[in-house]
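Data first, discussion second: the structure below is written as structure tokens.
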Amino acid sequence: QVQLVESGGGLVQAGGSLRLSCAASGRTLSTYAMGWFRQAPEKEREFVAAISRSGGSTYYADSVKGRFTISRDNAKNTVYLQMNSLKPEDTAVYYCAADSYWRGSSLLERASSWDYWGQGTQVTVSS
């Protein structure tokens, strides 16, 4: 069991940057593969990025590859999402997720594959 709390969201102009954090409690973060999803109003929850337990493997959605970077610091029980070159279409609530397995890409991209979720943090990108 793990509890996740996101922070770092806000309002930013197109082309700007934000760094999101996900702090874990209840169990050491190193037990879990970690991911980021986002959900815009009236849209399905969309996969953004994932990272393995050790940080040795990462996977990104095509829409953010080259702009976003996922990383983790297991000693601090924290996962990060660095977001650069933000676009208005990046506007969404961003959620941190955790699971005990590193899955194939088709499963990583499915929100239903992940067992634990944070409350989300709002990211708004203005044009």
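- In this structure, Asp115 contributes its side chain and Ala97 its backbone to no donor-acceptor pair below 3.5 Å.
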side-chain hydrogen bond (donor to acceptor under 3.5 Å, both in side chains) between Tyr59 and Glu109, intermediate numbers included: CA-CA 10 Å; Tyr59 180 68; Glu109 294 171 356; 2.6 Å; yes

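- Atom CD of residue Glu46 and atom CG of residue Asp90 lie 9.0 Å apart, to the nearest 0.5 angstrom.
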Before giving the answer on side chain to side chain contact (heavy atoms under 4.5 Å, CB included), spell out for Val48 and Leu81 the whole-Å C-alpha distance, their side-chain angles and the decisive distance to 0.1 Å. CA-CA 10 Å; Val48 175; Leu81 185 68; 4.2 Å; yes

With side chain to side chain contact (heavy atoms under 4.5 Å, CB included) as the test, would you mind laying out the steps for Tyr60 and Thr58 before giving the verdict? CA-CA 7 Å; Tyr60 297 92; Thr58 58; 3.7 Å; yes

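- A distance-only check finds a donor-acceptor pair linking the side chain of Arg67 to the backbone of Ser63 [under 3.5 Å].
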Just distance, no hydrogens or angles: give the donor-acceptor pairs under 3.5 Å from side chains in residues 7-23, sequence neighbours left out.
residue	atom	partner	partner atom	Å
Ser17	OG	Asn84	OD1	2.9

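- Under the 30°/60° scheme for interplanar angles, the aromatic rings of Phe68 and Tyr94 are found to be tilted.
- Formation of a donor-acceptor pair under 3.5 Å by the Glu6 side chain with backbone atoms of Gly120 is found in this model.
- Side-chain N/O atoms of Tyr95 and Gln119 include no donor and acceptor closer than 3.5 Å.
- Put simply, Tyr116 and Phe47 are part of two different groups of oily side chains (I, L, V, M, F, W, Y) that touch within less than 4.5 Å, one to the next.
- Taking the ring axis of Trp117 as reference, the NZ or CZ atom of Arg45 stays within 45° of it and closer than 6.0 Å to the ring centre.
- In plain terms, the two heavy atoms of Gln3 and Gln1 that are nearest each other are NE2-CG, 3.4 Å.
- Side-chain contact check for Ser113 versus Arg103: some heavy-atom pair is nearer than 4.5 Å.
- Tracing side-chain contacts under 4.5 Å through hydrophobic residues (I, L, V, M, F, W, Y), one reaches Ile51 starting from Leu4; they form part of the same cluster.
- With contacts defined as side-chain heavy-atom distances shorter than 4.5 Å, the pair Val79/Leu29 qualifies.
- A heavy-atom distance below 4.5 Å is not found between the side chains of Thr31 and Val2.
- The closest side-chain heavy-atom distance from Arg53 to Ser30 is not below 4.5 Å.
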Show your reasoning for whether side chain to side chain contact (heavy atoms under 4.5 Å, CB included) applies to Tyr101 and Tyr32. CA-CA 7 Å; Tyr101 301 97; Tyr32 301 97; over 6 Å; no

Met34 vs Asp99, test: side chain to side chain contact (heavy atoms under 4.5 Å, CB included). Steps then yes/no. CA-CA 7 Å; Met34 302 297 299; Asp99 203 355; over 6 Å; no

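- Between the side chain of Thr91 and the backbone N or O of Thr124, no donor-acceptor pair lies under 3.5 Å.
- Distance check, rounded to the nearest 0.5 Å: CD of Glu44 to CZ of Phe37 gives 11.5 Å.
- Note that the CG atom of Asn74 and the OG1 atom of Thr28 stand 6.5 Å from one another [nearest 0.5 Å].
- Heavy atoms only, all atoms of each residue included: Ser52 and Gly56 are closest at OG-N, 3.3 Å.
- Hydrophobic clustering of Ile, Leu, Val, Met, Phe, Trp and Tyr side chains at less than 4.5 Å, counting indirect connections, unites Trp36 with Val123.
- Put simply, Val64 and Tyr80 are part of two different groups of oily side chains (I, L, V, M, F, W, Y) that touch within less than 4.5 Å, one to the next.
- The minimum heavy-atom distance between Arg38 and Ala92, with the atom names listed, is CB-CB, 3.7 Å.
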